[in-house]
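Have a look at the structure below, then the notes.
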Amino acid sequence: MFGIPGKQAVTITPAAATQIAKLMSKDGHQGLRIGVKKGGCAGMEYTMDYVAEVDPNDEVVEQDGARVMIAPMAQMFLFGTEIDYEVSLLESGFKFNNPNVSEACGCGKSIRFEGM
């Protein structure tokens with residue numbers, strides 16, 4: 001929808017691809033759908049949901065056995081984002097390196113885009 005021919009909407013690091021593929025293998029999920037919603041102290045938050053069926057309007061990115069679907073209303077916000085999976089001493093989880101974010105809160109869970 002908002003893509004550039006020959007360029008994926010998002011990139012997935014090897015660590016994220018491994019984790020997404022592992023999550024997909026549970027209960028026969030078709031992948032993970034990512035999006036954004038209003039909320040959090042900076043104005044918007046990322047969402048991730050298991051997908052049982054691919055929506056024809058989703059942008060689909062596949063890499064190393066992982067499948068990510070981008071919800072239609074989130075495509076313009078997520079274009080160019082790198083999805084990573086980090087493990088630290090205190091926590092582990094997906095991290096979005098998004099060049100479109102103009103501000104993020106201190107906890108890193110809430111974001112703001114220019115003009116919002």
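What you are looking at is a predicted structure, and each value in this text was computed from that prediction instead of being measured. Just the heavy atoms: all of them, side chains too, but no hydrogens, waters or symmetry mates, feed the values below.
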Would you name the heavy atoms of Gly65 and Ala21 that are closest together and state the gap between them?
O-CB, 3.6 Å
What one should report as the nearest heavy-atom pair of Gly80 and Pro99 is O-CD, 3.4 Å
Mind listing the closest non-hydrogen atom pair of Tyr85 and Ser92 along with its distance?
OH-OG, 3.4 Å
How many angstroms lie between CG in Leu23 and CZ in Arg67, if you round to the nearest 0.5 Å?
13.5 Å
Give, for atom CD1 of Ile34 and atom CD of Glu59, the distance between the pair rounded to the nearest 0.5 Å.
10.5 Å
Nearest atoms (heavy-atom pairs only) where Val61 meets Ala9
CG2-N, 4.3 Å
Once rounded to the nearest 0.5 Å, what's the spacing between atom CG of Asp84 and atom CG of Asn97?
6.5 Å
Rounded distance (nearest 0.5 Å) linking atom CZ of Phe94 with atom CD1 of Ile83:
8.0 Å
Let me check something: do Val54 and Leu78 share a hydrophobic cluster, defined by ILVMFWY side-chain heavy atoms less than 4.5 Å apart, either directly or through other members?
no
Under 4.5 Å between side-chain heavy atoms, counting indirect links through other Ile/Leu/Val/Met/Phe/Trp/Tyr residues: same cluster for Val60 and Ile70 or not?
no
Transitively linked via ILVMFWY side-chain contacts under 4.5 Å: Val51 with Ile12?
no
Nearest 0.5 Å please: distance from the CE atom of Met48 over to the CE atom of Met69.
10.5 Å
Atom pair CZ (Arg33) and CD (Glu53), whose distance is rounded to the nearest 0.5 Å
9.5 Å
Judged by atom type as modelled, is there a donor-acceptor pair below 3.5 Å linking the side chain of Thr47 to the main-chain atoms of Gly35?
yes
